[in-house]
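Residue numbers begin at 1 in each chain, while the letters A, B, ... track the order of the sequences.
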Amino acid sequence: MTGVAAARQVEAVAGIDVGGTTKGFHLVVLQGAAVRCVASSPDARELHQRCLQFKVSVVGIDAPSQWGVEGIGRAAEREMARERISCFATPTLARASASTSGFYEWMFNGARVYEAFADTHPILKAERFTGEPVTFETFPHAIACALLGRDVASAKQKRTQRRRLLEELGLDTTELKSIDSLDAVLCAVAAQRLIQGKSRAYGDGVGGYIFVPTPV
DNA sequence: ATGTCGGTCGCCTATGGAAT
DNA sequence: ATTCCATAGGCGACCGACAT
């Protein structure tokens, strides 16, 4: 491994699990196999400060990086559906705003995260990592499908399954008490894979990209 | 006996694809 | 054409373990 690649491997990365207003955000900072920081906060700017503090380069976020496009939706989600990876269809902004159930609150929260990171870590708009600090969209179930096998991964057993998966990757999960923290670590793992070039981009420039590790 | 905490379960919101 | 199943988070109900 060359010097640059070796340095990249120990870079600090982060994963963020986005919840509604009650649950807030969960952040995990990962450096190699070491969990450097586990934090939760209702304020996206606080997570941004934490990431600056740990010199985080790449941040994987479990929330849509952009709204659906009227009439055509998002190519990334259709591509995944074709591969039998179920995901939630992101509505258009108009549709999300019109909803009165509060169901989309977590998606609006996700938008606040991207906004808080925009100045230092803009959303990755290319199909691959270019070396600059970025945020990117990913989601735990797709990561689990890639690392466990699509036919094995099940959201119903996500607590036990995802914890076991992380332990098999050599991570210590004792500090990760809730499913939200586990999901955040999975996003951080996706960030490591993106840096290493072991990542696939679903979607296109119009509907935005979703990055998932390539199957092992 | 009463209260708290974590974990599980089922159902709600929405949507698209597969199966029937 | 209709039903079923999958994903996401939220929420209330319930249960067992433990503390007061």
Side-chain angles (χ1 to χ4, degrees), chain A residues 15-28 38 40-44 47 60-114 135-167 173-190 200 202-204 206-213 215:
Chain A
I16 296 178
D17 180 81
V18 175
T21 39
T22 337
K23 289 174 85 175
F25 305 103
H26 289 78
L27 167 77
V28 170
V38 180
S40 65
S41 169
D43 188 354
L47 301 186
I61 298 175
D62 173 19
S65 57
Q66 66 179 72
W67 301 101
V69 181
E70 186 64 50
I72 60 173
R74 300 181 72 201
E77 289 164 2
R78 280 198 309 276
E79 273 178 44
M80 291 211 225
R82 267 202 298 277
E83 295 183 17
R84 305 276 193 94
I85 300 171
S86 297
C87 64
F88 248 76
T90 306
T92 62
L93 176 57
R95 200 185 278 267
S97 303
S99 170
T100 54
S101 67
F103 178 69
Y104 293 124
E105 198 51 43
W106 65 279
M107 290 190 186
F108 284 102
N109 272 341
R112 290 184 187 104
V113 176
Y114 290 107
T135 48
F136 70 95
E137 175 180 355
T138 187
F139 80 105
H141 179 64
I143 300 168
C145 285
L147 301 181
L148 284 175
R150 181 186 59 218
D151 300 327
V152 181
S154 159
K156 283 181 180 168
Q157 288 109 44
K158 60 184 174 184
R159 282 176 177 82
T160 52
Q161 214 170 51
R162 289 176 189 177
R163 185 178 294 276
R164 199 180 67 236
L165 166 60
L166 290 166
E167 277 166 5
T173 62
T174 50
E175 290 302 309
L176 313 166
K177 299 194 167 32
S178 68
I179 185 66
D180 303 301
S181 303
L182 287 174
D183 285 351
V185 183
L186 281 175
C187 293
V189 169
R200 173 181 167 188
Y202 287 83
D204 56 26
V206 179
Y209 294 102
I210 299 176
F211 294 88
V212 179

*Asks:* Any salt bridge (charged side-chain N to carboxylate O under 4.0 Å, His left out) involving residues 86-104 of chain A? Give me the pairs, sequence neighbours left out, ordered by first then second residue.
*Replies:*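 Sorted pair list comes back empty.
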*Asks:* Taking only the side-chain heavy atoms of A:Phe103 (C-beta and beyond), determine which of C:dA8, B:dG17, B:dA14 contains the nearest atom.
*Replies:*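 Nearest to the side chain of A:Phe103 among the choices is C:dA8.
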*Asks:* Between A:Thr138 and A:Phe211 (side chain of the first, backbone of the second, donor and acceptor by atom type, cut-off under 3.5 Å), is there such a pair?
*Replies:*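 Side chain of A:Thr138 to backbone of A:Phe211: a pair is present.
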*Asks:* Rounding to a whole Å, what distance do you find between A:Ile61:CD1 and C:dG9:P?
*Replies:*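 About 14 Å, once rounded to whole Å.
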*Asks:* Choose from C:dT7, C:dG9, B:dA18 the nucleotide whose nearest atom is closest to any side-chain atom of A:Asp17.
*Replies:*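 Of all the options, the side chain of A:Asp17 is nearest to C:dG9.
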*Asks:* Write down the distance between CH2 (A:Trp106) and C1' (B:dA14), rounded to a whole number of angstrom.
*Replies:*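 To the nearest whole Å, that distance equals 11 Å.
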*Asks:* Provide a list of protein-nucleic acid N or O atom pairs under 3.5 angstrom, restricted to nucleotides 1-4 of chain C.
*Replies:*
none

*Asks:* Hey, what are the protein-to-nucleotides 5-10 of chain B N/O distances that come in under 3.5 Å?
*Replies:*
| unit_1 | atom_1 | unit_2 | atom_2 | d |
| --- | --- | --- | --- | --- |
| B:dT8 | OP2 | A:Arg159 | NE | 3.3 |

*Asks:* Looking at the side chain of A:Arg78, which of B:dT13, C:dG9, B:dG17 is the nearest nucleotide?
*Replies:*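 The closest nucleotide is B:dG17.
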*Asks:* Using whole Å, report how far CD1 of A:Ile179 lies from P of C:dT7.
*Replies:*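 Roughly 12 Å, once rounded to whole Å.
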*Asks:* Compare all side-chain heavy atoms of A:Phe25 with those of A:Ile61 and state whether any distance is below 4.5 angstrom.
*Replies:*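 No, every pair of side-chain atoms sits at 4.5 Å or beyond.
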*Asks:* Between the axis at one end of the helix from B:dA1-C:dT20 to B:dT20-C:dA1 and the axis at the other (five pairs apiece), what's the angle to 10 degrees?
*Replies:*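 Answer rounded to 10°: the end axes differ by 40°.
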*Asks:* Between A:Phe108 and A:Arg112, is there a cation-pi geometry (under 6.0 Å to ring centre, at most 45° from the normal)?
*Replies:*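 No - A:Arg112 does not lie over the ring of A:Phe108 by the 6.0 Å and 45° rule.
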*Asks:* Side-chain contact, heavy-atom cut-off 4.5 Å: A:Pro91 with A:Met107?
*Replies:*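 In contact.
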*Asks:* Does some side-chain heavy atom of A:Gln66 sit less than 4.5 Å from a side-chain heavy atom of A:Glu137?
*Replies:*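 In short, these two side chains do not touch, never coming nearer than 4.5 Å.
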*Asks:* Tell me the interatomic distance from A:Asn109, atom CG, to C:dA8, atom C1', rounded to whole angstroms.
*Replies:*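 For the pair A:Asn109 CG and C:dA8 C1', the rounded distance is 14 Å.
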*Asks:* In terms of side-chain heavy atoms of A:Arg84, which of B:dG17, B:dA18, C:dA8 is nearest?
*Replies:*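 So the nucleotide nearest the side chain must be B:dA18.
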*Asks:* Expressed in angstrom and rounded to an integer, what is the separation of A:Phe88 atom CZ from C:dT7 atom P?
*Replies:*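 Nearest whole value for this atom pair: 10 Å.
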*Asks:* What residues, two or more places apart in sequence or in another chain, satisfy side chain to side chain donor-acceptor pair (under 3.5 Å) together with A:Thr92?
*Replies:*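 With neighbours one apart ignored, the set is empty.
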*Asks:* Do any N or O atoms from the side chain of A:Arg74 and from the backbone of A:Gly203 form a donor-acceptor pair under 3.5 angstrom?
*Replies:*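 Answer holds: no.
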*Asks:* Among C:dT7, B:dG17, C:dG9, which nucleotide sits nearest the side chain of A:Asp62?
*Replies:*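 The nucleotide sitting nearest to the side chain is C:dG9.
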*Asks:* Among the candidates C:dG9, B:dA18, C:dT7, find the nucleotide nearest to the side-chain atoms of A:Phe139.
*Replies:*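 Ranking C:dG9, B:dA18, C:dT7 by closest atom to the A:Phe139 side chain puts C:dT7 first.
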*Asks:* With A:Asp183, which residues qualify under side chain to side chain donor-acceptor pair (under 3.5 Å), at least two apart?
*Replies:*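 Side chain to side chain donor-acceptor pair (under 3.5 Å) check on A:Asp183 returns A:Arg162.
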*Asks:* Within this structure, what is the CZ-to-P distance between A:Arg82 and B:dA18, rounded to whole angstrom?
*Replies:*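 In whole Å, B:dA18 P lies 10 Å from A:Arg82 CZ.
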*Asks:* Ignoring the backbone of A:Ser86, work out which of C:dT7, B:dT15, C:dG9 is nearest its side chain.
*Replies:*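 For A:Ser86, the side-chain atoms sit closest to C:dT7.
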*Asks:* Is the shortest heavy-atom distance from the side chain of A:Ile143 to the side chain of A:Pro213 under 4.5 Å?
*Replies:*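 Side-chain contact under 4.5 Å: yes.
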*Asks:* Check every atom of B:dA18, C:dA8, B:dT15 against the side chain of A:Arg95 and return the nucleotide holding the closest atom.
*Replies:*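 When the side chain of A:Arg95 is considered, B:dT15 is the closest of B:dA18, C:dA8, B:dT15.
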*Asks:* Side chains of A:Leu27 and A:Ser41: closer than 4.5 Å at any heavy-atom pair?
*Replies:*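 Result no, sub-4.5 Å side-chain heavy-atom pair not found.
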*Asks:* Using atom OH of A:Tyr202 as one end and atom C1' of B:dG16 as the other, report the distance to the nearest whole Å.
*Replies:*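 So the two atoms are 17 Å apart, to the nearest Å.
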*Asks:* Measure CZ/A:Arg74 against P/B:dT15 and give the value in whole Å, please.
*Replies:*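 Going from CZ in A:Arg74 over to P in B:dT15 covers 15 Å.
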*Asks:* Check whether any side-chain heavy atom of A:Asp17 sits under 4.5 Å from a side-chain heavy atom of A:Ile179, and report yes or no.
*Replies:*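 Result no, sub-4.5 Å side-chain heavy-atom pair not found.
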